[in-house]
2 protein chains.
Amino acid sequence: MSLPHAILTALLEKPSSGLELTRRFDRSIGYFWSATHQQIYRELGKLEAEGHIRALPSEQPARGQKKSYEVLPAGRAELARWTAASQDPKPHRDPLLLRLRAAAVVGTAGLEADLNRHLELHRRQLADYEKIEQRDFPPGKDAPHDRIRHLVLRAGIDLETFWTQWLTHALEEFAELPESGTT
Amino acid sequence: MSLPHAILTALLEKPSSGLELTRRFDRSIGYFWSATHQQIYRELGKLEAEGHIRALPSEQPARGQKKSYEVLPAGRAELARWTAASQDPKPHRDPLLLRLRAAAVVGTAGLEADLNRHLELHRRQLADYEKIEQRDFPPGKDAPHDRIRHLVLRAGIDLETFWTQWLTHALEEFAELPESGTT
DNA sequence: CTTCATTTTGCAACTAGTTGCAGAACAAGC
DNA sequence: GCTTGTTCTGCAACTAGTTGCAAAATGAAG
(Lines give C-alpha, C1' and ligand atoms only; values in the text may rest on other atoms or scores of the structure.)
Protein backbone atom coordinates (compact mmCIF):
# COMPACT_ATOMS: atom_id res chain seq x y z
CA MET A 1 0.00 0.00 0.00
CA SER A 2 2.49 2.59 -1.09
CA LEU A 3 0.68 4.54 -3.76
CA PRO A 4 -1.31 6.81 -1.43
CA HIS A 5 1.89 7.62 0.43
CA ALA A 6 3.75 8.34 -2.77
CA ILE A 7 0.99 10.80 -3.64
CA LEU A 8 1.06 12.40 -0.20
CA THR A 9 4.80 12.90 -0.51
CA ALA A 10 4.43 14.45 -3.95
CA LEU A 11 1.67 16.76 -2.76
CA LEU A 12 3.68 17.87 0.24
CA GLU A 13 6.54 18.74 -2.04
CA LYS A 14 4.07 20.77 -4.11
CA PRO A 15 0.25 20.86 -4.27
CA SER A 16 -0.85 19.69 -7.70
CA SER A 17 -3.72 18.60 -9.89
CA GLY A 18 -4.15 15.02 -11.06
CA LEU A 19 -2.45 15.68 -14.33
CA GLU A 20 0.49 17.48 -12.79
CA LEU A 21 0.93 14.53 -10.44
CA THR A 22 0.83 12.16 -13.39
CA ARG A 23 3.58 14.15 -15.06
CA ARG A 24 5.69 14.13 -11.91
CA PHE A 25 5.18 10.38 -11.58
CA ASP A 26 6.62 10.05 -15.06
CA ARG A 27 9.75 11.77 -13.81
CA SER A 28 11.19 11.99 -10.33
CA ILE A 29 8.83 10.03 -8.10
CA GLY A 30 8.07 7.49 -10.79
CA TYR A 31 11.72 6.47 -10.90
CA PHE A 32 11.01 4.23 -7.96
CA TRP A 33 7.23 4.27 -7.78
CA SER A 34 5.43 4.44 -11.08
CA ALA A 35 1.70 4.98 -11.48
CA THR A 36 -0.76 5.60 -14.28
CA HIS A 37 -3.11 8.54 -14.30
CA GLN A 38 -6.07 6.31 -13.53
CA GLN A 39 -4.44 5.00 -10.40
CA ILE A 40 -3.69 8.55 -9.36
CA TYR A 41 -7.20 9.89 -9.90
CA ARG A 42 -8.74 6.99 -8.05
CA GLU A 43 -6.34 7.40 -5.17
CA LEU A 44 -6.90 11.16 -5.02
CA GLY A 45 -10.60 10.44 -4.61
CA LYS A 46 -9.97 8.02 -1.76
CA LEU A 47 -7.50 10.30 -0.02
CA GLU A 48 -9.98 13.16 -0.21
CA ALA A 49 -12.79 10.98 1.15
CA GLU A 50 -10.57 9.94 4.05
CA GLY A 51 -9.76 13.55 4.89
CA HIS A 52 -6.07 13.26 4.11
CA ILE A 53 -6.09 15.84 1.35
CA ARG A 54 -8.48 18.48 0.07
CA ALA A 55 -9.05 20.31 -3.17
CA LEU A 56 -7.68 23.84 -3.23
CA PRO A 57 -10.83 25.66 -4.22
CA SER A 58 -9.54 29.19 -4.70
CA GLU A 59 -6.82 30.25 -7.18
CA GLN A 60 -8.86 30.70 -10.33
CA PRO A 61 -12.37 32.00 -9.51
CA ALA A 62 -14.08 28.60 -10.02
CA ARG A 63 -13.30 28.56 -13.74
CA GLY A 64 -9.78 27.18 -14.15
CA GLN A 65 -10.89 23.59 -14.14
CA LYS A 66 -7.84 21.77 -12.85
CA LYS A 67 -8.60 20.59 -9.34
CA SER A 68 -5.46 21.04 -7.27
CA TYR A 69 -5.02 19.18 -3.99
CA GLU A 70 -3.11 19.95 -0.83
CA VAL A 71 -2.28 17.71 2.11
CA LEU A 72 -4.20 18.15 5.36
CA PRO A 73 -2.62 17.61 8.79
CA ALA A 74 -4.21 14.14 9.00
CA GLY A 75 -2.52 13.23 5.73
CA ARG A 76 0.87 14.41 6.90
CA ALA A 77 0.45 12.43 10.12
CA GLU A 78 -0.47 9.31 8.18
CA LEU A 79 2.57 9.73 5.97
CA ALA A 80 4.84 10.14 9.00
CA ARG A 81 3.29 7.05 10.57
CA TRP A 82 3.82 5.00 7.43
CA THR A 83 7.37 6.22 6.96
CA ALA A 84 8.35 5.18 10.45
CA ALA A 85 6.52 1.85 10.40
CA SER A 86 8.59 -1.25 9.85
CA GLN A 87 8.04 -3.01 6.51
CA ASP A 88 9.39 -6.25 5.21
CA PRO A 89 11.20 -6.10 1.90
CA LYS A 90 9.11 -7.69 -0.83
CA PRO A 91 10.80 -10.48 -2.78
CA HIS A 92 12.27 -9.41 -6.09
CA ARG A 93 10.59 -10.13 -9.41
CA ASP A 94 12.85 -9.85 -12.38
CA PRO A 95 11.62 -11.26 -15.69
CA LEU A 96 15.00 -10.78 -17.36
CA LEU A 97 16.79 -13.01 -14.87
CA LEU A 98 13.96 -15.48 -15.22
CA ARG A 99 14.40 -15.51 -18.98
CA LEU A 100 18.08 -16.11 -18.56
CA ARG A 101 17.38 -19.07 -16.35
CA ALA A 102 14.92 -20.38 -18.90
CA ALA A 103 17.55 -19.85 -21.58
CA ALA A 104 19.87 -22.16 -19.67
CA VAL A 105 17.28 -24.87 -20.40
CA VAL A 106 15.77 -24.06 -23.79
CA GLY A 107 18.67 -22.26 -25.39
CA THR A 108 19.85 -18.69 -25.70
CA ALA A 109 18.64 -18.06 -29.23
CA GLY A 110 17.17 -14.59 -29.62
CA LEU A 111 18.00 -13.41 -26.13
CA GLU A 112 21.18 -11.55 -26.96
CA ALA A 113 19.44 -8.82 -28.93
CA ASP A 114 17.19 -8.03 -26.01
CA LEU A 115 20.09 -7.96 -23.57
CA ASN A 116 21.70 -5.36 -25.82
CA ARG A 117 18.51 -3.36 -25.88
CA HIS A 118 18.23 -3.43 -22.08
CA LEU A 119 21.85 -2.39 -21.79
CA GLU A 120 21.13 0.62 -23.95
CA LEU A 121 18.06 1.54 -21.89
CA HIS A 122 19.97 1.30 -18.62
CA ARG A 123 22.78 3.43 -20.03
CA ARG A 124 20.28 6.07 -21.00
CA GLN A 125 18.62 6.02 -17.59
CA LEU A 126 22.01 6.30 -15.94
CA ALA A 127 22.84 9.33 -18.06
CA ASP A 128 19.52 10.94 -17.05
CA TYR A 129 20.21 10.36 -13.38
CA GLU A 130 23.69 11.78 -13.65
CA LYS A 131 22.35 14.88 -15.31
CA ILE A 132 19.86 15.29 -12.48
CA GLU A 133 22.64 14.85 -9.95
CA GLN A 134 24.72 17.59 -11.54
CA ARG A 135 21.73 19.90 -11.73
CA ASP A 136 20.18 19.35 -8.30
CA PHE A 137 23.06 18.32 -6.09
CA PRO A 138 26.12 20.40 -6.80
CA PRO A 139 28.84 19.93 -4.17
CA GLY A 140 28.13 21.97 -1.07
CA LYS A 141 24.35 21.76 -0.78
CA ASP A 142 23.70 19.88 2.39
CA ALA A 143 20.47 20.77 4.05
CA PRO A 144 19.23 17.52 5.62
CA HIS A 145 16.43 16.99 3.15
CA ASP A 146 18.83 17.52 0.26
CA ARG A 147 21.21 14.94 1.64
CA ILE A 148 18.41 12.42 1.93
CA ARG A 149 17.16 13.08 -1.59
CA HIS A 150 20.68 12.80 -2.87
CA LEU A 151 20.95 9.43 -1.15
CA VAL A 152 17.86 8.24 -3.00
CA LEU A 153 19.25 9.45 -6.30
CA ARG A 154 22.55 7.70 -5.57
CA ALA A 155 20.65 4.45 -5.18
CA GLY A 156 19.20 4.98 -8.64
CA ILE A 157 22.59 5.82 -10.14
CA ASP A 158 24.33 2.88 -8.52
CA LEU A 159 21.58 0.46 -9.52
CA GLU A 160 21.76 1.54 -13.14
CA THR A 161 25.53 1.30 -12.98
CA PHE A 162 25.20 -2.20 -11.64
CA TRP A 163 22.87 -3.26 -14.43
CA THR A 164 25.01 -1.83 -17.20
CA GLN A 165 28.01 -3.67 -15.81
CA TRP A 166 26.15 -6.91 -15.30
CA LEU A 167 24.62 -6.83 -18.78
CA THR A 168 28.00 -6.05 -20.32
CA HIS A 169 29.45 -9.02 -18.52
CA ALA A 170 26.55 -11.24 -19.55
CA LEU A 171 27.00 -10.28 -23.19
CA GLU A 172 30.70 -11.12 -22.99
CA GLU A 173 29.81 -14.56 -21.67
CA PHE A 174 27.26 -15.01 -24.43
CA ALA A 175 29.91 -14.23 -27.00
CA GLU A 176 31.98 -17.15 -25.72
CA LEU A 177 29.09 -19.59 -25.59
CA PRO A 178 28.58 -22.13 -28.36
CA GLU A 179 25.49 -21.28 -30.39
CA SER A 180 22.48 -23.00 -28.94
CA GLY A 181 19.23 -23.48 -30.81
CA THR A 182 15.67 -22.40 -30.24
CA THR A 183 14.26 -25.82 -29.48
CA MET B 1 2.92 -12.82 -17.62
CA SER B 2 5.96 -14.55 -16.24
CA LEU B 3 4.58 -17.02 -13.74
CA PRO B 4 3.63 -19.75 -16.22
CA HIS B 5 7.09 -19.50 -17.74
CA ALA B 6 8.75 -19.66 -14.37
CA ILE B 7 6.81 -22.86 -13.74
CA LEU B 8 7.69 -24.32 -17.13
CA THR B 9 11.36 -23.64 -16.45
CA ALA B 10 11.16 -25.29 -13.04
CA LEU B 11 9.36 -28.31 -14.47
CA LEU B 12 11.90 -28.70 -17.26
CA GLU B 13 14.66 -28.69 -14.69
CA LYS B 14 12.74 -31.39 -12.85
CA PRO B 15 9.15 -32.68 -13.05
CA SER B 16 7.40 -31.95 -9.76
CA SER B 17 4.13 -31.83 -7.89
CA GLY B 18 2.52 -28.57 -6.82
CA LEU B 19 3.98 -28.78 -3.38
CA GLU B 20 7.46 -29.52 -4.60
CA LEU B 21 7.22 -26.55 -6.92
CA THR B 22 6.11 -24.38 -4.04
CA ARG B 23 9.17 -25.44 -2.07
CA ARG B 24 11.45 -24.72 -5.00
CA PHE B 25 9.87 -21.31 -5.43
CA ASP B 26 10.81 -20.59 -1.85
CA ARG B 27 14.41 -21.26 -2.78
CA SER B 28 16.18 -20.96 -6.08
CA ILE B 29 13.55 -19.80 -8.57
CA GLY B 30 11.79 -17.67 -6.00
CA TYR B 31 14.92 -15.57 -5.51
CA PHE B 32 13.86 -13.62 -8.55
CA TRP B 33 10.31 -14.81 -9.11
CA SER B 34 8.33 -15.57 -6.00
CA ALA B 35 4.94 -17.25 -5.96
CA THR B 36 2.52 -18.62 -3.39
CA HIS B 37 1.21 -22.15 -3.57
CA GLN B 38 -2.22 -20.92 -4.64
CA GLN B 39 -0.77 -19.12 -7.62
CA ILE B 40 1.13 -22.26 -8.52
CA TYR B 41 -1.84 -24.64 -8.32
CA ARG B 42 -4.01 -22.30 -10.35
CA GLU B 43 -1.34 -21.91 -12.97
CA LEU B 44 -0.69 -25.66 -13.13
CA GLY B 45 -4.37 -26.11 -13.91
CA LYS B 46 -4.24 -23.55 -16.71
CA LEU B 47 -1.03 -24.94 -18.17
CA GLU B 48 -2.52 -28.42 -18.20
CA ALA B 49 -5.72 -27.18 -19.85
CA GLU B 50 -3.64 -25.47 -22.52
CA GLY B 51 -1.72 -28.63 -23.24
CA HIS B 52 1.63 -27.23 -22.10
CA ILE B 53 2.13 -29.74 -19.33
CA ARG B 54 0.57 -33.02 -18.24
CA ALA B 55 0.29 -34.98 -15.07
CA LEU B 56 2.64 -37.94 -14.83
CA PRO B 57 0.15 -40.66 -14.05
CA SER B 58 2.46 -43.62 -13.46
CA GLU B 59 5.09 -43.90 -10.71
CA GLN B 60 2.91 -45.00 -7.83
CA PRO B 61 0.09 -47.29 -9.05
CA ALA B 62 -2.65 -44.62 -8.79
CA ARG B 63 -2.32 -44.40 -5.03
CA GLY B 64 0.55 -42.03 -4.27
CA GLN B 65 -1.54 -38.95 -4.39
CA LYS B 66 0.89 -36.21 -5.30
CA LYS B 67 0.17 -35.22 -8.86
CA SER B 68 3.48 -34.65 -10.63
CA TYR B 69 3.66 -32.70 -13.85
CA GLU B 70 6.01 -32.78 -16.81
CA VAL B 71 6.40 -30.34 -19.68
CA LEU B 72 5.04 -31.29 -23.10
CA PRO B 73 6.69 -30.22 -26.37
CA ALA B 74 4.14 -27.42 -26.77
CA GLY B 75 5.15 -26.10 -23.37
CA ARG B 76 8.83 -26.16 -24.20
CA ALA B 77 8.13 -24.36 -27.46
CA GLU B 78 6.11 -21.71 -25.66
CA LEU B 79 8.92 -21.20 -23.16
CA ALA B 80 11.48 -20.84 -25.95
CA ARG B 81 9.22 -18.34 -27.70
CA TRP B 82 8.79 -16.27 -24.55
CA THR B 83 12.48 -16.37 -23.72
CA ALA B 84 13.44 -15.02 -27.10
CA ALA B 85 10.65 -12.40 -27.29
CA SER B 86 11.63 -8.83 -26.58
CA GLN B 87 10.25 -7.39 -23.35
CA ASP B 88 10.39 -3.89 -21.96
CA PRO B 89 11.83 -3.56 -18.49
CA LYS B 90 9.08 -2.72 -16.03
CA PRO B 91 9.64 0.41 -13.96
CA HIS B 92 11.01 -0.23 -10.50
CA ARG B 93 8.91 -0.09 -7.38
CA ASP B 94 10.84 0.31 -4.18
CA PRO B 95 8.91 1.21 -1.04
CA LEU B 96 12.10 1.76 0.96
CA LEU B 97 13.36 4.47 -1.37
CA LEU B 98 9.88 5.94 -1.34
CA ARG B 99 9.92 6.06 2.44
CA LEU B 100 13.27 7.76 2.38
CA ARG B 101 11.93 10.38 0.05
CA ALA B 102 8.93 10.85 2.34
CA ALA B 103 11.33 11.12 5.28
CA ALA B 104 13.01 14.05 3.57
CA VAL B 105 9.66 15.83 3.97
CA VAL B 106 8.13 14.55 7.22
CA GLY B 107 11.28 13.71 9.15
CA THR B 108 13.44 10.66 9.61
CA ALA B 109 12.15 9.63 13.04
CA GLY B 110 11.77 5.87 13.32
CA LEU B 111 13.27 5.06 9.95
CA GLU B 112 16.77 4.25 11.10
CA ALA B 113 15.77 1.09 12.94
CA ASP B 114 14.16 -0.32 9.83
CA LEU B 115 17.16 0.54 7.69
CA ASN B 116 19.26 -1.46 10.11
CA ARG B 117 16.84 -4.35 9.89
CA HIS B 118 16.93 -4.32 6.10
CA LEU B 119 20.71 -4.19 6.18
CA GLU B 120 20.75 -7.31 8.31
CA LEU B 121 18.33 -9.10 5.96
CA HIS B 122 20.38 -8.24 2.89
CA ARG B 123 23.55 -9.42 4.60
CA ARG B 124 21.90 -12.72 5.36
CA GLN B 125 20.65 -13.12 1.80
CA LEU B 126 24.11 -12.32 0.51
CA ALA B 127 25.61 -14.99 2.74
CA ASP B 128 23.06 -17.51 1.42
CA TYR B 129 23.90 -16.70 -2.18
CA GLU B 130 27.60 -16.99 -1.52
CA LYS B 131 27.13 -20.37 0.04
CA ILE B 132 25.18 -21.50 -3.01
CA GLU B 133 27.92 -20.18 -5.26
CA GLN B 134 30.56 -22.18 -3.43
CA ARG B 135 28.43 -25.30 -3.50
CA ASP B 136 27.12 -25.20 -7.08
CA PHE B 137 29.78 -23.31 -9.02
CA PRO B 138 33.24 -24.36 -7.97
CA PRO B 139 35.93 -23.03 -10.33
CA GLY B 140 36.17 -25.13 -13.47
CA LYS B 141 32.59 -26.10 -14.14
CA ASP B 142 31.70 -24.47 -17.38
CA ALA B 143 29.08 -26.27 -19.32
CA PRO B 144 27.07 -23.54 -21.06
CA HIS B 145 24.00 -23.92 -18.89
CA ASP B 146 26.15 -23.73 -15.77
CA ARG B 147 27.75 -20.52 -16.93
CA ILE B 148 24.34 -18.98 -17.53
CA ARG B 149 23.02 -20.04 -14.15
CA HIS B 150 26.14 -18.71 -12.54
CA LEU B 151 25.53 -15.40 -14.27
CA VAL B 152 22.06 -15.25 -12.75
CA LEU B 153 23.43 -16.02 -9.32
CA ARG B 154 26.09 -13.34 -9.75
CA ALA B 155 23.32 -10.82 -10.37
CA GLY B 156 21.77 -11.82 -7.06
CA ILE B 157 25.08 -11.60 -5.23
CA ASP B 158 25.99 -8.26 -6.72
CA LEU B 159 22.56 -6.82 -6.03
CA GLU B 160 22.69 -7.83 -2.38
CA THR B 161 26.21 -6.45 -2.18
CA PHE B 162 24.94 -3.19 -3.60
CA TRP B 163 22.14 -2.94 -1.07
CA THR B 164 24.32 -3.68 1.92
CA GLN B 165 26.74 -1.00 0.80
CA TRP B 166 24.05 1.53 0.07
CA LEU B 167 22.27 0.92 3.38
CA THR B 168 25.56 1.19 5.25
CA HIS B 169 26.21 4.50 3.57
CA ALA B 170 22.67 5.70 4.26
CA LEU B 171 23.04 4.87 7.94
CA GLU B 172 26.30 6.80 8.10
CA GLU B 173 24.55 9.82 6.65
CA PHE B 174 21.73 9.43 9.14
CA ALA B 175 24.22 9.46 11.97
CA GLU B 176 25.41 12.89 10.84
CA LEU B 177 21.94 14.32 10.39
CA PRO B 178 20.40 16.57 13.06
CA GLU B 179 17.53 14.78 14.79
CA SER B 180 14.29 15.52 13.05
CA GLY B 181 10.89 14.94 14.62
CA THR B 182 7.92 12.82 13.73
CA THR B 183 5.63 15.67 12.83
C1' DC C 1 -11.14 -49.32 12.05
C1' DT C 2 -11.58 -44.92 14.21
C1' DT C 3 -9.73 -40.72 15.59
C1' DC C 4 -6.56 -37.00 15.22
C1' DA C 5 -2.87 -34.38 13.07
C1' DT C 6 -0.37 -33.28 8.96
C1' DT C 7 0.29 -32.92 4.21
C1' DT C 8 -1.35 -31.69 -0.20
C1' DT C 9 -4.52 -29.59 -3.06
C1' DG C 10 -7.66 -26.18 -4.07
C1' DC C 11 -11.78 -22.51 -3.94
C1' DA C 12 -13.33 -17.77 -3.09
C1' DA C 13 -12.87 -13.21 -2.01
C1' DC C 14 -10.02 -9.34 -1.91
C1' DT C 15 -6.23 -5.80 -3.23
C1' DA C 16 -3.30 -3.55 -6.50
C1' DG C 17 -2.27 -2.39 -10.97
C1' DT C 18 -3.43 -2.09 -16.14
C1' DT C 19 -6.03 -1.16 -20.34
C1' DG C 20 -9.58 0.70 -23.05
C1' DC C 21 -12.65 3.98 -23.49
C1' DA C 22 -15.40 8.14 -22.85
C1' DG C 23 -17.29 12.56 -21.21
C1' DA C 24 -16.46 17.41 -19.81
C1' DA C 25 -13.89 21.65 -20.44
C1' DC C 26 -11.30 24.63 -22.93
C1' DA C 27 -9.05 26.50 -27.33
C1' DA C 28 -8.89 27.50 -32.16
C1' DG C 29 -10.83 28.03 -36.78
C1' DC C 30 -14.48 28.93 -39.55
C1' DG D 1 -22.69 30.78 -32.94
C1' DC D 2 -20.76 25.49 -34.35
C1' DT D 3 -17.25 22.21 -35.31
C1' DT D 4 -12.92 20.12 -34.35
C1' DG D 5 -9.04 18.94 -31.62
C1' DT D 6 -6.61 18.72 -27.26
C1' DT D 7 -6.37 18.61 -22.34
C1' DC D 8 -8.02 16.87 -18.12
C1' DT D 9 -10.76 13.86 -15.49
C1' DG D 10 -12.76 9.66 -14.68
C1' DC D 11 -15.54 4.95 -15.09
C1' DA D 12 -15.53 -0.05 -15.99
C1' DA D 13 -13.61 -4.24 -16.97
C1' DC D 14 -9.69 -7.05 -16.78
C1' DT D 15 -5.15 -9.30 -15.06
C1' DA D 16 -1.95 -10.57 -11.51
C1' DG D 17 -1.04 -11.43 -6.96
C1' DT D 18 -2.49 -12.13 -1.89
C1' DT D 19 -5.05 -13.88 2.07
C1' DG D 20 -8.12 -16.78 4.46
C1' DC D 21 -10.13 -20.85 4.66
C1' DA D 22 -11.25 -25.70 3.84
C1' DA D 23 -11.70 -30.38 1.75
C1' DA D 24 -9.34 -34.68 0.52
C1' DA D 25 -5.60 -37.85 1.37
C1' DT D 26 -2.27 -39.83 4.07
C1' DG D 27 -0.04 -41.32 8.41
C1' DA D 28 0.28 -42.38 13.15
C1' DA D 29 -1.87 -43.78 17.67
C1' DG D 30 -4.93 -46.09 20.20
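Since the model is a prediction, treat every value here as computed from it, not as a measurement. Each chain gets a letter, A, B and so on, in the order its sequence line appears, and its residues count up from 1.
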What is the distance, to the nearest angstrom, from the OH atom on Y41(A) to the P atom on dA12(D)?
17 Å

Parallel, tilted or perpendicular for Y129(B) and Y31(B), by the 30°/60° rule?
perpendicular

According to the interplanar angle, ranging from 0 to 90°, do the rings of Y41(A) and H37(A) count as parallel (below 30°), tilted (30 to 60°) or perpendicular (above 60°)?
perpendicular

Ion pair check, R117(A) and D88(B), cut-off under 4.0 Å:
yes

Whole angstrom value for the distance that separates C1' of dT6(C) from CZ of R23(B):
11 Å

Taken to the nearest whole Å, CG/L21(B) to P/dG10(C) is 12 Å

Once side chain to side chain contact (heavy atoms under 4.5 Å, CB included) is applied, do any residues pair with K14(A), and if so which ones, sequence neighbours excluded?
S16(A), R24(A)

Calculate the interatomic distance between I40(A) atom CD1 and dC11(D) atom C1'; express it in whole Å.
16 Å

Sequence-aligned protein contact record of nucleotides 15-20 of chain D, with B where the base is within under 4.0 Å of a protein heavy atom and S where only the sugar-phosphate is
-SBBBB

Measure the distance from CD on E20(A) to C1' on dT7(D) and round it to the nearest whole Å.
12 Å

Please determine, by modelled atom types, if E78(B) and H5(B) share a side-chain donor-acceptor pair under 3.5 angstrom.
yes

If the condition is side chain to side chain contact (heavy atoms under 4.5 Å, CB included), which residues does Q87(A) pass it with, not counting sequence neighbours?
W82(A), P95(B), R99(B), D114(B)

